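What you see is a predicted model, and the numbers here were worked out from it, not measured in a lab.
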Amino acid sequence: MPLQIPADQRRARLGVRHLLSDRVTGRSPAAIAGDLVVLHATDPATVYLSVAARSADLTIDDISAALYEQRSLIRMLGMRRTMFVVPTGLAPVVQHSSTAAVAARLRRALVKELTAIVPDADKWLTDVEDSVVRTLRDKGSATSAVLAAAEPRLRTSVVHAQGRSYGGPAAINSRLLNILSAQGRIVRGRTTGGWTSSRYQWAPVDRWLPGGQPEVPVERARMELVSAWLARFGPATVADVVWWTGWNLGDTRRALAGLETAPVDLDGVDGLVLASDTDAVAEPEPWVALVPALDPTAMGWAGRDWYLEPDHRAALFDRTGNIGPSVWCNGRIVGGWGQGADGRVRWRLLEDIGAEASAATAAEAARLETWMSGVRVVPKFRTPLERELASD
């Protein structure tokens with residue numbers, strides 16, 4: 001009979017292992033990112049706010065230093081073609097388990113669209129790619145606008161997603177830079193604005209990471225990534241692993257087959273856990289936390305009913321499944337938060353958590369507001385409750 005791991009034990013693991021039940025001191029931004037495997041970075045502010053939710057002593061400047069000076073963290077496309085900030089040591093695993101395949105798909109799509117307007121589109125695109133990398137090596141770093149001025153072919157326009165509301169003609173500039181980044185040839189460097197900006201300087205990978213991305217066999221990279229994820233997010237279902245990685249079921253099962261796992265019963269649902277991770281985790285002291293939109297904990301599993309009441313989804317998620325800023329209490333999502341035009345952090349509970357936990361939520365909101373130093377963060381994907389709180 002499989003080991004039973006009920007929801008309260010999963011919530012205890014979440015609180016302790018994701019550093020939400022007790023914020024840490026003396027832990028670097030890269031170490032905190034590693035505790036979550038990777039940090040979601042589609043919205044640049046998420047990286048900073050995810051660290052802030054878990055650290056008692058790191059500042060905005062500390063996180064920026066890890067990204068741009070120490071370079072212990074790197075931005076890259078990865079699982080599910082999503083932008084992440086990845087500890088540099090894990091970057092080759094993400095690259096070869098996930099990102100290289102993303103690059104190949106993105107490039108095939110662009111070549112197909114270019115075929116209608118340039119002869120031998122594949123060869124033409126290779127020439128432009130090589131030209132961009134040479135330009136970056138000459139300049140050291142550059143924005144996309146500077147690169148387009150130096151290599152005018154980046155302004156070539158193609159019709160993207162023809163017939164869809166978001167489609168139409170657009171220059172290949174950003175798409176080609178994304179492809180080069182996903183290939184591991186260039187990287188997103190320092191932003192041209194503040195910590196909430198999504199405008200980056202681009203740099204050749206070998207000037208950012210001496211020696212570039214080491215080679216890792218695909219199958220080994222997949223096993224290492226799943227092992228790291230299960231150590232921090234397990235137990236989980238196979239469906240959770242498929243969703244988080246973005247791989248097909250066959251590739252996921254092959255990666256899992258290379259690991260020593262144990263079957264578990266997750267309140268009547270079949271799950272698995274690393275065989276070395278079957279001992280119970282002690283229940284932490286009561287805790288609350290305010291995490292940002294797209295936080296890696298909130299987006300960690302496909303099956304979320306054990307930490308999210310289905311009735312809360314409409315207020316906290318947008319129409320495409322992106323979660324907004326959320327309030328957590330003892331391993332469950334119990335509300336949301338947002339900022340008004342004055343920068344004040346406003347929050348609302350969607351269920352009764354008691355006076356003591358409510359007071360702790362107010363204190364955490366005040367701490368976060370002070371940490372942000374007057375900067376207002378508007379999530380890239382806005383949700384009904386966040387919009388409402390921001391307009392109050």
For this session: State whether the side chain of Ser21 and the backbone N or O of Gly15 hold a donor-acceptor pair below 3.5 Å, judged by distance alone.
Result: yes

Problem set entry | Test ring-ring contact (aromatic ring centres under 6.0 Å, His included) applied to Trp306 - qualifying residues, sequence neighbours left out | Trp301

For this session: Sequence neighbours left out, what passes side-chain contact (heavy atoms from CB on, under 4.5 Å) with Thr320? Give chain and number order.
Result: Asp318, Asn322

Exercise. Does some side-chain heavy atom of Thr245 sit less than 4.5 Å from a side-chain heavy atom of Trp229?
Worked result: no

Exercise. For residues 320-342, which residue pairs qualify under ring pair (Phe, Tyr, Trp, His ring centres under 6.0 Å), counting only residues two or more places apart or in two chains?
Worked result: Tyr307-Trp328

For this session: Check the hydrophobic clustering (I, L, V, M, F, W, Y; side-chain heavy atoms under 4.5 Å; chains of links allowed) and say if Val187 and Leu176 are grouped together.
Result: no

Exercise. If only atom types and distance count, is the side chain of Arg232 paired as donor or acceptor with the main-chain N or O of Ala228 below 3.5 Å?
Worked result: yes

For this session: Not counting sequence neighbours, list each pair that qualifies as a side chain to side chain donor-acceptor pair (under 3.5 Å) and has a residue in residues 271-282.
Result: Arg13-Asp277, Arg17-Asp277

Exercise. Just by modelled atom types, is the Ala182 backbone N or O under 3.5 Å from a matching donor or acceptor in the Gln95 side chain?
Worked result: yes

Problem set entry | Non-hydrogen side-chain atoms of Arg220 and Val93 separated by less than 4.5 Å | no

Exercise. Side-chain heavy atoms under 4.5 angstrom apart, residues restricted to Ile, Leu, Val, Met, Phe, Trp, Tyr: same cluster for Val218 and Val242?
Worked result: no

For this session: Please report the C-alpha distance between Thr237 and Asp240 in whole Å, then the side-chain angles of each, then the deciding distance to 0.1 Å, and finally whether the side-chain hydrogen bond (donor to acceptor under 3.5 Å, both in side chains) criterion is met.
Result: CA-CA 5 Å; Thr237 66; Asp240 290 329; 3.1 Å; yes

For this session: Scan residues 62-93 for pairs that pass ring pair (Phe, Tyr, Trp, His ring centres under 6.0 Å), counting only residues two or more places apart or in two chains.
Result: His40-Phe84

For this session: Carefully, step by step, assess Arg188 and Asn178 under the rule side-chain hydrogen bond (donor to acceptor under 3.5 Å, both in side chains).
Result: CA-CA 9 Å; Arg188 293 167 180 82; Asn178 277 334; 2.3 Å; yes

For this session: Please indicate whether Arg190 has more than 12 foreign heavy atoms, meaning atoms of other residues, nucleotides or ligands, lying under 6.0 Å from its CZ.
Result: yes

Exercise. What pairs of residues pass the salt bridge (charged side-chain N to carboxylate O under 4.0 Å, His left out) test when at least one of them lies in residues 43-66, not counting sequence neighbours?
Worked result: Arg54-Asp295

Exercise. Does Met79 belong to the same Ile/Leu/Val/Met/Phe/Trp/Tyr cluster as Leu73, with side-chain heavy atoms less than 4.5 Å apart forming each link?
Worked result: yes

For this session: Would you mind listing the cluster partners of Val281? Hydrophobic ones only (ILVMFWY), side-chain contacts under 4.5 Å, chaining allowed.
Result: Val16

Exercise. In the single-linkage hydrophobic clustering (I, L, V, M, F, W, Y; side-chain heavy atoms under 4.5 Å), do Val118 and Leu106 co-cluster?
Worked result: yes

Problem set entry | Contacts of His18 that satisfy side-chain hydrogen bond (donor to acceptor under 3.5 Å, both in side chains) - sequence neighbours left out | Thr297

Exercise. Would a 4.5 Å heavy-atom cut-off, applied to side chains only, mark Pro263 and Leu272 as touching?
Worked result: no

Problem set entry | Where at least one partner belongs to residues 362-380, residue pairs that pass side chain to side chain donor-acceptor pair (under 3.5 Å), sequence neighbours excluded | Arg23-Glu364, Glu364-Arg367

Exercise. Can you tell if the side chain of Gln201 reaches within under 4.5 Å of the side chain of Thr192, non-hydrogen atoms only?
Worked result: yes

Problem set entry | Test item: Glu113 and Arg175 side chains (from C-beta on) under 4.5 Å apart, heavy atoms | yes

Exercise. Under 3.5 Å, is there a donor-acceptor pair between the side chain of Arg344 and the main chain of Gln339?
Worked result: no

Exercise. When clusters are formed by joining ILVMFWY residues with side-chain heavy atoms under 4.5 Å apart, either directly or through shared neighbours, do Val85 and Leu225 land in the same one?
Worked result: yes

Exercise. Can you list the steps and then say if Thr126 with Arg107 is a side-chain hydrogen bond (donor to acceptor under 3.5 Å, both in side chains)?
Worked result: CA-CA 10 Å; Thr126 297; Arg107 194 178 190 281; 2.8 Å; yes

Exercise. Charged N to carboxylate O under 4.0 angstrom, Asp206 versus Arg137?
Worked result: yes

Exercise. Under the side-chain hydrogen bond (donor to acceptor under 3.5 Å, both in side chains) test, which residues partner Arg80, sequence neighbours left out?
Worked result: none

Problem set entry | Check: Gln4 side chain, Asp265 main-chain N or O, donor-acceptor pair, under 3.5 Å | no

Problem set entry | Ring-face cation of Arg304 near Trp243 (centre distance under 6.0 Å, axis angle within 45°) | yes

Exercise. Would you call Arg11 and Asp8 a salt bridge, taking side-chain N to carboxylate O under 4.0 Å as the test?
Worked result: no

For this session: Identify, with sequence neighbours excluded, every residue that meets side-chain hydrogen bond (donor to acceptor under 3.5 Å, both in side chains) alongside Ser64.
Result: Tyr48

Compile the donor-acceptor pairs under 3.5 Å between side chains in residues 149-159 and protein atoms, sequence neighbours left out, one pair per line.
| unit_1 | atom_1 | unit_2 | atom_2 | d |
| --- | --- | --- | --- | --- |
| Glu151 | OE1 | Ser131 | OG | 2.7 |
| Glu151 | OE1 | Arg153 | NH2 | 3.0 |
| Glu151 | OE2 | Arg153 | N | 2.9 |
| Glu151 | OE2 | Arg153 | NE | 3.0 |
| Arg153 | NH1 | Asp127 | OD2 | 2.7 |
| Arg153 | NH2 | Asp127 | OD2 | 3.1 |
| Thr156 | OG1 | Arg153 | O | 2.7 |
| Ser157 | OG | Ala170 | N | 3.4 |

Problem set entry | Non-hydrogen side-chain atoms of Leu266 and Pro235 separated by less than 4.5 Å | yes

For this session: Before accepting this row, confirm whether a basic side-chain N of the pair Asp130/Arg185 lies closer than 4.0 Å to the acidic partner's carboxylate O.
Result: yes

Seminar exercise, completed: Of Thr191, Val86, Leu39, the one forming a side-chain contact (heavy atoms from CB on, under 4.5 Å) with Arg75 is Thr191

Exercise. Distance-only, no hydrogens or angles: does the Ser50 side chain make a donor-acceptor pair with backbone N or O of Val47 under 3.5 Å?
Worked result: no

